[in-house]
2 protein chains.
Amino acid sequence: MPKKMPKKKEAILKAATVLFANKGFTDTSMHELSELTGAAEGTIFYHFKNKEHLLLTILQTTNESIVEEFDRFIDGREFKNGLHMVEEIVSFYLYLAGIMEFQFLLLQRHYLYKFVAENQDFRSSLEEFYNCISDMFEKAIVRGQQDGSIGNVHPRKTALILFTMVDGVVRFKNFNLYDAGALFNDLIESCRKMLKPDGETAR
Amino acid sequence: MPKKMPKKKEAILKAATVLFANKGFTDTSMHELSELTGAAEGTIFYHFKNKEHLLLTILQTTNESIVEEFDRFIDGREFKNGLHMVEEIVSFYLYLAGIMEFQFLLLQRHYLYKFVAENQDFRSSLEEFYNCISDMFEKAIVRGQQDGSIGNVHPRKTALILFTMVDGVVRFKNFNLYDAGALFNDLIESCRKMLKPDGETAR
DNA sequence: TAAAAAACCGACTGAGCGCTCAGTCGGTTT
DNA sequence: AAACCGACTGAGCGCTCAGTCGGTTTTTTA
(Lines give C-alpha, C1' and ligand atoms only; values in the text may rest on other atoms or scores of the structure.)
Protein backbone atom coordinates (compact mmCIF):
# COMPACT_ATOMS: atom_id res chain seq x y z
CA MET A 1 0.00 0.00 0.00
CA PRO A 2 1.39 3.40 -0.93
CA LYS A 3 1.73 5.62 2.08
CA LYS A 4 3.19 9.13 2.44
CA MET A 5 1.06 10.87 -0.14
CA PRO A 6 0.75 14.66 -0.43
CA LYS A 7 -2.39 15.89 1.35
CA LYS A 8 -4.01 17.38 -1.75
CA LYS A 9 -3.25 14.36 -3.90
CA GLU A 10 -5.06 12.12 -1.47
CA ALA A 11 -8.02 14.50 -1.26
CA ILE A 12 -8.22 14.62 -5.05
CA LEU A 13 -8.24 10.83 -5.35
CA LYS A 14 -10.92 10.49 -2.71
CA ALA A 15 -13.22 13.17 -4.12
CA ALA A 16 -12.72 12.04 -7.71
CA THR A 17 -13.74 8.48 -6.80
CA VAL A 18 -17.07 9.73 -5.49
CA LEU A 19 -17.66 12.12 -8.38
CA PHE A 20 -16.64 9.69 -11.13
CA ALA A 21 -18.87 7.05 -9.54
CA ASN A 22 -21.91 9.27 -9.03
CA LYS A 23 -21.79 11.71 -11.91
CA GLY A 24 -19.65 9.89 -14.45
CA PHE A 25 -16.34 10.79 -16.06
CA THR A 26 -17.35 13.43 -18.60
CA ASP A 27 -19.90 15.00 -16.28
CA THR A 28 -17.26 15.63 -13.64
CA SER A 29 -15.24 18.77 -14.34
CA MET A 30 -11.78 19.51 -13.07
CA HIS A 31 -13.12 22.81 -11.82
CA GLU A 32 -15.70 21.02 -9.66
CA LEU A 33 -13.03 18.67 -8.37
CA SER A 34 -10.79 21.60 -7.53
CA GLU A 35 -13.54 23.42 -5.63
CA LEU A 36 -14.48 20.30 -3.67
CA THR A 37 -10.93 19.51 -2.60
CA GLY A 38 -9.67 23.05 -2.10
CA ALA A 39 -6.84 22.28 -4.50
CA ALA A 40 -6.15 24.54 -7.45
CA GLU A 41 -6.83 23.05 -10.87
CA GLY A 42 -3.15 23.15 -11.62
CA THR A 43 -2.47 20.96 -8.59
CA ILE A 44 -4.58 18.17 -10.07
CA PHE A 45 -2.47 18.20 -13.22
CA TYR A 46 0.68 18.40 -11.20
CA HIS A 47 -0.18 15.07 -9.57
CA PHE A 48 -1.93 13.38 -12.51
CA LYS A 49 -0.81 13.97 -16.05
CA ASN A 50 -4.38 14.19 -17.35
CA LYS A 51 -7.98 13.40 -16.49
CA GLU A 52 -7.80 9.88 -17.90
CA HIS A 53 -4.75 9.08 -15.84
CA LEU A 54 -6.57 10.23 -12.72
CA LEU A 55 -9.34 7.75 -13.51
CA LEU A 56 -6.80 4.99 -14.14
CA THR A 57 -5.15 5.63 -10.78
CA ILE A 58 -8.53 5.41 -9.08
CA LEU A 59 -9.38 2.18 -10.89
CA GLN A 60 -6.05 0.61 -9.94
CA THR A 61 -6.23 1.52 -6.27
CA THR A 62 -9.85 0.41 -6.17
CA ASN A 63 -9.02 -2.92 -7.74
CA GLU A 64 -6.03 -3.43 -5.47
CA SER A 65 -7.92 -2.74 -2.29
CA ILE A 66 -10.87 -4.98 -3.23
CA VAL A 67 -8.65 -7.89 -4.25
CA GLU A 68 -6.64 -7.38 -1.07
CA GLU A 69 -9.80 -7.40 1.06
CA PHE A 70 -10.90 -10.67 -0.50
CA ASP A 71 -7.48 -12.28 -0.11
CA ARG A 72 -7.43 -11.35 3.56
CA PHE A 73 -10.98 -12.63 3.93
CA ILE A 74 -10.19 -16.01 2.36
CA ASP A 75 -6.90 -16.49 4.22
CA GLY A 76 -8.16 -15.57 7.63
CA ARG A 77 -11.10 -17.92 7.70
CA GLU A 78 -12.00 -21.54 8.00
CA PHE A 79 -14.98 -22.71 5.99
CA LYS A 80 -16.69 -25.84 7.14
CA ASN A 81 -17.43 -26.83 3.54
CA GLY A 82 -17.66 -25.53 -0.03
CA LEU A 83 -21.30 -24.50 0.17
CA HIS A 84 -20.63 -22.56 3.33
CA MET A 85 -17.73 -20.89 1.58
CA VAL A 86 -19.97 -19.80 -1.30
CA GLU A 87 -22.44 -18.33 1.16
CA GLU A 88 -19.70 -16.44 2.97
CA ILE A 89 -18.31 -15.05 -0.27
CA VAL A 90 -21.75 -13.77 -1.22
CA SER A 91 -22.16 -12.17 2.20
CA PHE A 92 -18.74 -10.62 2.11
CA TYR A 93 -19.30 -9.28 -1.41
CA LEU A 94 -22.48 -7.54 -0.30
CA TYR A 95 -20.77 -6.28 2.84
CA LEU A 96 -17.86 -4.83 0.87
CA ALA A 97 -20.20 -3.32 -1.71
CA GLY A 98 -21.85 -1.55 1.23
CA ILE A 99 -18.77 -0.09 2.85
CA MET A 100 -17.01 0.58 -0.47
CA GLU A 101 -20.13 1.87 -2.17
CA PHE A 102 -18.50 4.31 -4.57
CA GLN A 103 -15.74 1.97 -5.67
CA PHE A 104 -18.23 -0.75 -6.57
CA LEU A 105 -20.46 1.75 -8.31
CA LEU A 106 -17.48 2.94 -10.33
CA LEU A 107 -16.65 -0.61 -11.40
CA GLN A 108 -20.15 -1.05 -12.73
CA ARG A 109 -20.27 2.13 -14.76
CA HIS A 110 -20.38 1.52 -18.44
CA TYR A 111 -18.09 4.35 -19.53
CA LEU A 112 -15.17 2.36 -18.16
CA TYR A 113 -15.48 0.09 -21.15
CA LYS A 114 -14.51 2.78 -23.62
CA PHE A 115 -11.21 3.01 -21.75
CA VAL A 116 -10.89 -0.74 -21.38
CA ALA A 117 -11.26 -1.12 -25.14
CA GLU A 118 -8.54 1.42 -25.84
CA ASN A 119 -6.09 1.12 -22.99
CA GLN A 120 -4.27 -1.98 -21.78
CA ASP A 121 -3.79 -0.63 -18.25
CA PHE A 122 -7.52 -0.19 -17.80
CA ARG A 123 -8.11 -3.66 -19.20
CA SER A 124 -5.64 -5.30 -16.83
CA SER A 125 -7.15 -3.73 -13.73
CA LEU A 126 -10.71 -4.61 -14.59
CA GLU A 127 -9.88 -8.15 -15.68
CA GLU A 128 -8.04 -8.77 -12.45
CA PHE A 129 -11.10 -7.75 -10.48
CA TYR A 130 -13.48 -9.93 -12.49
CA ASN A 131 -11.17 -12.92 -12.41
CA CYS A 132 -10.62 -12.58 -8.68
CA ILE A 133 -14.32 -12.83 -7.95
CA SER A 134 -15.23 -15.56 -10.40
CA ASP A 135 -12.20 -17.68 -9.50
CA MET A 136 -13.15 -17.46 -5.85
CA PHE A 137 -16.64 -18.70 -6.53
CA GLU A 138 -15.30 -21.46 -8.77
CA LYS A 139 -12.86 -22.68 -6.12
CA ALA A 140 -15.60 -22.77 -3.51
CA ILE A 141 -17.85 -24.77 -5.86
CA VAL A 142 -15.13 -27.30 -6.68
CA ARG A 143 -14.40 -27.70 -3.00
CA GLY A 144 -18.08 -28.17 -2.30
CA GLN A 145 -18.29 -30.87 -4.92
CA GLN A 146 -15.39 -32.68 -3.27
CA ASP A 147 -16.83 -32.51 0.24
CA GLY A 148 -20.34 -33.31 -0.98
CA SER A 149 -22.02 -30.05 0.03
CA ILE A 150 -22.56 -28.99 -3.59
CA GLY A 151 -24.19 -30.99 -6.38
CA ASN A 152 -23.17 -31.72 -9.91
CA VAL A 153 -23.12 -28.29 -11.53
CA HIS A 154 -20.68 -26.80 -14.04
CA PRO A 155 -18.18 -25.01 -11.75
CA ARG A 156 -17.16 -22.15 -14.01
CA LYS A 157 -20.57 -21.37 -15.41
CA THR A 158 -22.24 -21.61 -12.04
CA ALA A 159 -19.57 -19.34 -10.59
CA LEU A 160 -20.42 -16.77 -13.25
CA ILE A 161 -24.13 -17.07 -12.51
CA LEU A 162 -23.46 -16.49 -8.81
CA PHE A 163 -21.34 -13.49 -9.73
CA THR A 164 -24.06 -12.00 -11.94
CA MET A 165 -26.54 -12.56 -9.12
CA VAL A 166 -24.67 -10.64 -6.43
CA ASP A 167 -23.55 -8.07 -8.96
CA GLY A 168 -27.18 -7.61 -10.02
CA VAL A 169 -28.34 -7.15 -6.44
CA VAL A 170 -25.63 -4.56 -5.85
CA ARG A 171 -26.66 -2.77 -9.04
CA PHE A 172 -30.27 -2.63 -7.90
CA LYS A 173 -29.09 -1.19 -4.61
CA ASN A 174 -26.84 1.37 -6.27
CA PHE A 175 -29.70 2.42 -8.51
CA ASN A 176 -31.82 2.93 -5.39
CA LEU A 177 -34.37 0.50 -6.76
CA TYR A 178 -34.50 -1.92 -3.90
CA ASP A 179 -32.74 -2.48 -0.65
CA ALA A 180 -30.13 -5.19 -0.96
CA GLY A 181 -30.38 -5.92 2.76
CA ALA A 182 -34.05 -6.87 2.49
CA LEU A 183 -33.16 -9.43 -0.16
CA PHE A 184 -30.19 -10.88 1.70
CA ASN A 185 -31.76 -13.90 3.38
CA ASP A 186 -33.70 -14.91 0.29
CA LEU A 187 -30.58 -14.51 -1.83
CA ILE A 188 -28.56 -16.85 0.37
CA GLU A 189 -31.42 -19.33 0.46
CA SER A 190 -31.62 -19.22 -3.35
CA CYS A 191 -27.92 -19.95 -3.63
CA ARG A 192 -28.26 -22.93 -1.30
CA LYS A 193 -31.06 -24.43 -3.35
CA MET A 194 -29.23 -23.76 -6.60
CA LEU A 195 -26.16 -25.62 -5.42
CA LYS A 196 -27.38 -28.40 -3.19
CA PRO A 197 -26.80 -31.99 -4.30
CA ASP A 198 -29.64 -33.75 -6.14
CA GLY A 199 -32.20 -35.59 -4.11
CA GLU A 200 -31.48 -33.86 -0.85
CA THR A 201 -34.24 -32.17 1.06
CA ALA A 202 -33.96 -28.43 1.51
CA ARG A 203 -32.90 -27.51 5.03
CA MET B 1 -47.85 3.09 -31.65
CA PRO B 2 -47.18 6.46 -33.26
CA LYS B 3 -47.00 6.14 -37.03
CA LYS B 4 -46.47 8.82 -39.70
CA MET B 5 -43.30 10.31 -38.41
CA PRO B 6 -41.08 12.63 -40.46
CA LYS B 7 -38.19 10.70 -42.02
CA LYS B 8 -35.45 12.64 -40.28
CA LYS B 9 -37.17 12.50 -36.91
CA GLU B 10 -37.27 8.74 -37.06
CA ALA B 11 -33.63 8.55 -38.17
CA ILE B 12 -32.61 10.82 -35.30
CA LEU B 13 -34.46 8.70 -32.73
CA LYS B 14 -32.93 5.52 -34.05
CA ALA B 15 -29.35 6.81 -34.20
CA ALA B 16 -29.60 8.57 -30.84
CA THR B 17 -30.74 5.35 -29.18
CA VAL B 18 -27.59 3.59 -30.33
CA LEU B 19 -25.29 6.49 -29.46
CA PHE B 20 -26.80 7.21 -26.05
CA ALA B 21 -26.60 3.51 -25.24
CA ASN B 22 -23.03 2.98 -26.44
CA LYS B 23 -21.31 6.27 -25.75
CA GLY B 24 -23.52 7.80 -23.08
CA PHE B 25 -25.51 11.02 -22.99
CA THR B 26 -22.83 13.66 -22.50
CA ASP B 27 -20.35 11.91 -24.76
CA THR B 28 -22.78 12.02 -27.66
CA SER B 29 -22.76 15.38 -29.43
CA MET B 30 -25.55 16.81 -31.50
CA HIS B 31 -23.05 17.39 -34.27
CA GLU B 32 -22.21 13.68 -34.35
CA LEU B 33 -25.88 12.83 -34.38
CA SER B 34 -26.47 15.23 -37.25
CA GLU B 35 -23.65 13.76 -39.34
CA LEU B 36 -24.82 10.20 -38.73
CA THR B 37 -28.43 10.88 -39.70
CA GLY B 38 -27.83 13.37 -42.49
CA ALA B 39 -30.09 15.81 -40.67
CA ALA B 40 -28.90 19.33 -39.93
CA GLU B 41 -28.40 20.25 -36.29
CA GLY B 42 -31.30 22.68 -36.55
CA THR B 43 -33.57 19.83 -37.59
CA ILE B 44 -32.86 17.93 -34.38
CA PHE B 45 -33.92 20.93 -32.33
CA TYR B 46 -36.93 21.44 -34.54
CA HIS B 47 -38.20 17.97 -33.59
CA PHE B 48 -36.95 17.87 -29.98
CA LYS B 49 -36.83 20.96 -27.86
CA ASN B 50 -33.49 20.02 -26.34
CA LYS B 51 -31.09 17.13 -25.82
CA GLU B 52 -32.76 15.99 -22.59
CA HIS B 53 -36.15 15.84 -24.28
CA LEU B 54 -34.66 13.69 -27.03
CA LEU B 55 -33.45 11.25 -24.39
CA LEU B 56 -36.85 11.26 -22.69
CA THR B 57 -38.59 10.46 -25.97
CA ILE B 58 -36.21 7.55 -26.52
CA LEU B 59 -36.77 6.26 -22.99
CA GLN B 60 -40.54 6.44 -23.40
CA THR B 61 -40.66 4.67 -26.75
CA THR B 62 -38.21 2.06 -25.47
CA ASN B 63 -40.28 1.42 -22.38
CA GLU B 64 -43.50 1.27 -24.39
CA SER B 65 -42.19 -1.22 -26.90
CA ILE B 66 -40.67 -3.51 -24.27
CA VAL B 67 -43.81 -3.54 -22.12
CA GLU B 68 -45.85 -4.13 -25.26
CA GLU B 69 -43.63 -7.05 -26.29
CA PHE B 70 -44.06 -8.66 -22.89
CA ASP B 71 -47.82 -8.12 -22.87
CA ARG B 72 -48.11 -9.76 -26.27
CA PHE B 73 -45.85 -12.58 -25.11
CA ILE B 74 -47.93 -13.28 -21.99
CA ASP B 75 -51.30 -13.03 -23.76
CA GLY B 76 -50.44 -15.18 -26.73
CA ARG B 77 -49.15 -18.13 -24.78
CA GLU B 78 -50.29 -21.00 -22.63
CA PHE B 79 -47.98 -22.01 -19.79
CA LYS B 80 -48.36 -25.52 -18.47
CA ASN B 81 -47.55 -24.30 -14.94
CA GLY B 82 -46.00 -21.44 -12.93
CA LEU B 83 -42.47 -22.80 -13.05
CA HIS B 84 -42.66 -23.19 -16.78
CA MET B 85 -43.91 -19.63 -16.99
CA VAL B 86 -40.91 -18.36 -15.02
CA GLU B 87 -38.56 -20.21 -17.34
CA GLU B 88 -40.26 -18.78 -20.39
CA ILE B 89 -40.09 -15.24 -19.00
CA VAL B 90 -36.37 -15.64 -18.38
CA SER B 91 -35.89 -16.94 -21.92
CA PHE B 92 -37.96 -14.20 -23.45
CA TYR B 93 -36.13 -11.54 -21.45
CA LEU B 94 -32.79 -12.78 -22.75
CA TYR B 95 -34.20 -13.06 -26.26
CA LEU B 96 -35.52 -9.49 -26.18
CA ALA B 97 -32.27 -8.18 -24.67
CA GLY B 98 -30.58 -9.75 -27.69
CA ILE B 99 -32.74 -8.27 -30.42
CA MET B 100 -33.23 -4.94 -28.60
CA GLU B 101 -29.62 -4.74 -27.49
CA PHE B 102 -29.29 -0.97 -27.45
CA GLN B 103 -32.57 -0.31 -25.71
CA PHE B 104 -31.68 -2.68 -22.87
CA LEU B 105 -28.20 -1.24 -22.64
CA LEU B 106 -29.69 2.24 -22.38
CA LEU B 107 -31.99 1.15 -19.55
CA GLN B 108 -28.99 -0.10 -17.59
CA ARG B 109 -26.89 3.02 -17.94
CA HIS B 110 -26.37 4.83 -14.71
CA TYR B 111 -26.64 8.38 -16.06
CA LEU B 112 -30.38 7.82 -16.44
CA TYR B 113 -30.66 8.11 -12.69
CA LYS B 114 -29.63 11.72 -12.62
CA PHE B 115 -32.65 12.43 -14.81
CA VAL B 116 -34.89 10.08 -12.86
CA ALA B 117 -34.05 11.92 -9.66
CA GLU B 118 -34.89 15.29 -11.17
CA ASN B 119 -37.67 14.64 -13.65
CA GLN B 120 -41.01 12.96 -13.02
CA ASP B 121 -41.42 11.88 -16.67
CA PHE B 122 -38.17 9.97 -16.59
CA ARG B 123 -39.17 8.41 -13.29
CA SER B 124 -42.54 7.23 -14.58
CA SER B 125 -41.10 5.53 -17.63
CA LEU B 126 -38.39 3.70 -15.78
CA GLU B 127 -40.67 2.63 -12.93
CA GLU B 128 -43.16 1.23 -15.39
CA PHE B 129 -40.47 -0.91 -16.95
CA TYR B 130 -39.18 -2.25 -13.64
CA ASN B 131 -42.66 -2.92 -12.31
CA CYS B 132 -43.68 -4.69 -15.50
CA ILE B 133 -40.84 -7.20 -15.22
CA SER B 134 -40.98 -7.83 -11.49
CA ASP B 135 -44.77 -8.12 -11.46
CA MET B 136 -44.60 -10.69 -14.22
CA PHE B 137 -42.14 -12.82 -12.28
CA GLU B 138 -44.23 -12.46 -9.14
CA LYS B 139 -47.42 -13.57 -10.88
CA ALA B 140 -45.66 -16.60 -12.33
CA ILE B 141 -44.34 -17.54 -8.88
CA VAL B 142 -47.74 -17.19 -7.23
CA ARG B 143 -49.28 -19.29 -9.96
CA GLY B 144 -46.55 -21.90 -9.51
CA GLN B 145 -47.23 -22.07 -5.80
CA GLN B 146 -50.91 -22.71 -6.53
CA ASP B 147 -50.29 -25.47 -9.07
CA GLY B 148 -47.49 -26.97 -6.98
CA SER B 149 -44.65 -26.47 -9.42
CA ILE B 150 -42.96 -23.90 -7.16
CA GLY B 151 -42.07 -24.24 -3.49
CA ASN B 152 -42.61 -22.02 -0.51
CA VAL B 153 -40.61 -18.92 -1.36
CA HIS B 154 -41.40 -15.24 -0.80
CA PRO B 155 -43.03 -14.27 -4.14
CA ARG B 156 -42.02 -10.64 -4.33
CA LYS B 157 -38.48 -11.04 -3.07
CA THR B 158 -37.85 -14.09 -5.21
CA ALA B 159 -39.24 -12.22 -8.21
CA LEU B 160 -36.70 -9.48 -7.57
CA ILE B 161 -33.87 -11.99 -7.26
CA LEU B 162 -34.86 -13.56 -10.58
CA PHE B 163 -34.93 -10.09 -12.09
CA THR B 164 -31.47 -9.22 -10.78
CA MET B 165 -30.21 -12.55 -12.14
CA VAL B 166 -31.33 -12.06 -15.74
CA ASP B 167 -30.47 -8.37 -15.56
CA GLY B 168 -27.00 -9.30 -14.33
CA VAL B 169 -26.47 -11.80 -17.14
CA VAL B 170 -27.54 -9.19 -19.69
CA ARG B 171 -25.14 -6.70 -18.14
CA PHE B 172 -22.25 -9.15 -18.40
CA LYS B 173 -23.17 -9.67 -22.03
CA ASN B 174 -23.42 -5.95 -22.75
CA PHE B 175 -20.03 -5.42 -21.13
CA ASN B 176 -18.62 -8.11 -23.41
CA LEU B 177 -17.44 -10.02 -20.39
CA TYR B 178 -19.14 -13.31 -21.06
CA ASP B 179 -21.53 -14.70 -23.57
CA ALA B 180 -25.04 -14.85 -22.18
CA GLY B 181 -25.91 -17.67 -24.57
CA ALA B 182 -23.26 -19.96 -23.08
CA LEU B 183 -24.80 -19.46 -19.64
CA PHE B 184 -28.38 -19.94 -20.77
CA ASN B 185 -28.93 -23.63 -19.94
CA ASP B 186 -27.23 -23.35 -16.57
CA LEU B 187 -29.20 -20.22 -15.77
CA ILE B 188 -32.53 -21.95 -16.45
CA GLU B 189 -31.41 -24.98 -14.45
CA SER B 190 -30.45 -22.69 -11.55
CA CYS B 191 -33.87 -21.08 -11.61
CA ARG B 192 -35.55 -24.48 -11.52
CA LYS B 193 -33.56 -25.58 -8.50
CA MET B 194 -34.14 -22.27 -6.74
CA LEU B 195 -37.87 -22.57 -7.11
CA LYS B 196 -38.69 -26.23 -6.89
CA PRO B 197 -40.77 -27.46 -3.98
CA ASP B 198 -38.93 -28.86 -0.95
CA GLY B 199 -38.08 -32.51 -0.91
CA GLU B 200 -38.45 -33.08 -4.60
CA THR B 201 -35.64 -34.62 -6.56
CA ALA B 202 -34.12 -32.48 -9.26
CA ARG B 203 -35.14 -33.58 -12.73
C1' DT C 1 -52.30 26.22 -58.29
C1' DA C 2 -51.56 29.43 -54.84
C1' DA C 3 -51.20 29.98 -50.18
C1' DA C 4 -50.22 28.03 -45.73
C1' DA C 5 -47.95 24.90 -42.88
C1' DA C 6 -44.54 21.64 -41.82
C1' DA C 7 -39.94 20.06 -42.41
C1' DC C 8 -35.42 21.13 -42.92
C1' DC C 9 -31.01 23.69 -43.24
C1' DG C 10 -26.26 25.27 -41.49
C1' DA C 11 -23.65 29.32 -40.03
C1' DC C 12 -23.35 31.20 -35.75
C1' DT C 13 -22.86 32.17 -30.46
C1' DG C 14 -21.28 32.20 -25.79
C1' DA C 15 -20.62 29.27 -21.95
C1' DG C 16 -17.77 25.81 -20.22
C1' DC C 17 -14.27 22.42 -20.89
C1' DG C 18 -9.34 20.15 -20.23
C1' DC C 19 -5.02 21.51 -19.87
C1' DT C 20 -0.73 24.77 -19.77
C1' DC C 21 2.52 27.56 -17.75
C1' DA C 22 5.05 31.12 -15.45
C1' DG C 23 5.55 31.79 -11.00
C1' DT C 24 5.16 31.57 -5.44
C1' DC C 25 6.60 29.46 -1.24
C1' DG C 26 8.51 26.85 2.69
C1' DG C 27 11.84 23.52 3.54
C1' DT C 28 16.28 20.92 2.73
C1' DT C 29 21.12 20.39 0.65
C1' DT C 30 25.26 22.14 -0.69
C1' DA D 1 23.77 32.14 1.81
C1' DA D 2 23.17 30.18 -2.50
C1' DA D 3 21.09 26.56 -4.99
C1' DC D 4 17.66 23.47 -5.32
C1' DC D 5 13.45 20.99 -4.18
C1' DG D 6 8.48 19.33 -4.50
C1' DA D 7 3.97 21.15 -3.71
C1' DC D 8 0.96 24.23 -5.16
C1' DT D 9 -1.35 28.30 -7.64
C1' DG D 10 -4.80 30.58 -10.99
C1' DA D 11 -5.10 33.37 -15.17
C1' DG D 12 -5.67 32.20 -19.66
C1' DC D 13 -5.60 29.43 -24.22
C1' DG D 14 -7.68 26.65 -27.77
C1' DC D 15 -11.50 24.19 -28.55
C1' DT D 16 -16.09 21.80 -28.29
C1' DC D 17 -20.54 21.95 -27.11
C1' DA D 18 -25.91 22.64 -26.86
C1' DG D 19 -28.84 25.57 -28.55
C1' DT D 20 -30.51 29.73 -31.88
C1' DC D 21 -32.09 31.96 -35.86
C1' DG D 22 -33.21 33.56 -40.40
C1' DG D 23 -33.95 31.46 -44.33
C1' DT D 24 -35.19 27.65 -47.93
C1' DT D 25 -37.50 23.51 -49.53
C1' DT D 26 -41.21 20.18 -49.35
C1' DT D 27 -45.81 18.80 -48.33
C1' DT D 28 -50.56 19.65 -47.34
C1' DT D 29 -54.62 22.14 -47.87
C1' DA D 30 -58.24 25.14 -49.96
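Proteins come first, then strands; the chains are lettered A, B, ... in the order of their sequence lines, and each starts at number 1.
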Would you mind pulling out the nucleotide paired to [N], Watson-Crick or G-U wobble, both distances under 3.5 Å?
N      : answer
C:dC25 : D:dG6
C:dT30 : D:dA1
D:dC13 : C:dG18

Beyond-backbone contact of B:Leu54 with B:Asn50, side-chain heavy atoms, under 4.5 angstrom: no

Tell me: [atom1] of [X] to [atom2] of [N], nearest whole Å?
X       : N      : atom1 : atom2 : result
A:Lys49 : C:dC21 : NZ    : P     : 16 Å
A:Ile44 : D:dG6  : CD1   : P     : 21 Å
A:Met5  : D:dG6  : CE    : P     : 17 Å
A:Lys8  : D:dG6  : NZ    : P     : 19 Å
B:Lys7  : D:dT25 : NZ    : P     : 19 Å
B:His47 : D:dT20 : NE2   : P     : 16 Å
A:Phe45 : C:dT20 : CZ    : C1'   : 9 Å
B:Met30 : C:dG14 : CE    : P     : 20 Å

In terms of side-chain heavy atoms of [X], which of [options] is nearest?
X       : options                : answer
B:Glu41 : C:dG18, C:dA11, D:dG10 : C:dA11
B:Lys51 : D:dT9, D:dA18, D:dA7   : D:dA18
A:Asn50 : C:dC19, C:dC9, D:dT9   : C:dC19

Closest-nucleotide ordering on DNA chain D, the 5'-leading residue of B:Thr43 and B:Thr26: B:Thr26

Nearest-nucleotide 5' precedence on DNA chain C, A:Gly42 against A:Ser29: A:Ser29

Distance below 4.0 Å between A:Tyr46 side-chain N/O and D:dC8 OP1 or OP2: no

Short side-chain N/O contact from B:Lys9 to OP1 or OP2 of C:dA6, under 4.0 Å: no

CA sep, side-chain torsions, deciding dist, call: A:Arg156, A:Asp135, salt bridge (Lys or Arg N to Asp or Glu O under 4.0 Å): CA-CA 8 Å; A:Arg156 188 71 190 167; A:Asp135 288 352; 2.9 Å; yes

Charged N-O contact under 4.0 Å between A:Lys173 and A:Asp179: no

B:Lys23 bridged to B:Glu32 by N-O distance under 4.0 Å: yes

Sugar-phosphate only, base, or nothing, as touched by A:Thr28 at under 4.0 Å among non-hydrogen atoms: sugar-phosphate

Centroid-centroid under 6.0 Å between B:Tyr111 and A:Tyr111 rings: no

